[in-house]
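Shown next, in structure tokens, is the structure this report addresses.
Numbers for residues simply follow the sequence, beginning at 1. Just follow the structure's listing: the first ligand is 1, and inside any ligand the first atom is 1.
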Amino acid sequence: MNRLPVSILTGFLGSGKTTLLARALRDPALAGTLVLVNEAGEIALDHLLLEAVEERVVALPSGCLCCVVRDDMARALDRIATRRRAGDLPDVTRLVVETSGLADPAPLLYTLAALPALERDFRVDTVVTLVDAVHGARALDRHAESARQVAIADRILLTKCDVAEPADALLAQLRGLNAAAELLRSDACDDLPALLFRDAWHGDGRRGGWLRCEDVTPTHGAGIATHSLVLTQPPTRLSFARMLGRLAAERGEDLLRLKGLVEFADQPGAPVLINAVQHTLYTPERLAAWPDEDHRSRLVIIAQDMPRDELLDRFAEAGAA
Ligand SMILES: Nc1nc2c(ncn2[C@@H]2O[C@H](COP(=O)(O)OP(=O)(O)OP(=O)(O)O)[C@@H](O)[C@H]2O)c(=O)[nH]1
């Protein structure tokens, strides 16, 4: 059975997640989409707002997607997987998880990857983070969760551009937090199924779009920066795996996202797609060929309070820089 693609929809309180999801679910292309909603308040309301598809929406108990609720999430996912395997959900082809506006979404990605039972059944496709063009800058300044939601995104969607044009300062802030993500506006985005699901982790990797981002020095108070590294020497698979394992173990909290295409000395000819979120290293995937003419091994790392020199030292240790 194929793994169910999962889209994670995140964004600070009131950024427009439920509004967007209600719009998206009216699209026939998303007919087979199951939705998990996780809310911050005591009373779950969002699932009521998604009435058009209520039978497809499961509201989790209140709370953030932090350690406490991770169990509920894991249980909900496990139930979906079990029912699918039993042939109970023949029409379900995708899953959207709307996170609480107060949640750091990294633990959810961790839950999906770290539990073998879930990794077998689900595949994180895209992380979409909504940022309110009106209040977004303030949320980013005041709430670390908001910054982490942006840092972990594959796509950042600016909402409420009908009310205010996003300020240059906000755009610079977003770029400073995550130069690798695609930056889109909701008023110019009609194809919501394609926004939520585009096989970003793998598809983007093949096209290498996110690898073309430039280095960005930390401008944000939270100390989150995007580092682009080009490896000058091919590491061996073992030295690279050891180094990444150490990085994830020692600095996992601060390693928000790592993606890369690396050609190994002991496996030349094609690159391997590397993906990590915090403590979680996803199974590397060997591509059939380089996605474009650029055959340099390269990585994009979004991290908090991690000086570039520290990263360079670690890669040098693995014989890669
Ligand atoms: N003008 C305008 N209003 C919007 C837009 N998107 C959302 N809103 C409004 O913003 C408010 C909050 O939107 P929600 O969709 O509830 O936001 P949310 O992210 O689900 O909120 P939480 O569940 O609290 O995290 C609602 O009143 C929406 O109608 C937009 O693009 N333009």
- [ ] Give the contacting part of Asp162 toward ligand 1: side chain, backbone, both or neither, where contact means a heavy-atom distance below 4.0 Å.
- [x] side chain
TODO: Using a strict 4.0 Å threshold on nitrogen-to-oxygen distance, state whether Arg298 and Asp294 make a salt bridge.
DONE: yes
Open item on the list: Checking Arg84 against Asn2: is there a side-chain donor and acceptor pair closer than 3.5 Å?
Closed with: yes
TODO: Output the list of atoms in ligand 1 that are nearer than 4.0 Å to some heavy atom of Glu98, sorted by atom number.
DONE: 20 (O)
Task: Salt-bridge present (Glu263, Arg296; N to O < 4.0 Å) - done: no
TODO: Could you list the atoms of ligand 1 found under 4.0 angstrom from a heavy atom of Val163?
DONE: 1 (N)
Open item on the list: Can you tell me how the ring of Phe240 sits relative to the ring of Phe264, calling it parallel under 30°, perpendicular over 60° and tilted otherwise?
Closed with: perpendicular
Open item on the list: Any atom of ligand 1 sitting under 4.0 Å from a heavy atom of Gly11?
Closed with: no
Task: Lys/Arg-Asp/Glu bridge criterion (N-O < 4.0 Å) met for Arg3, Asp121 - done: no
TODO: Report yes if some N/O of Thr159 lies less than 3.5 Å from some N/O of ligand 1; otherwise report no.
DONE: no
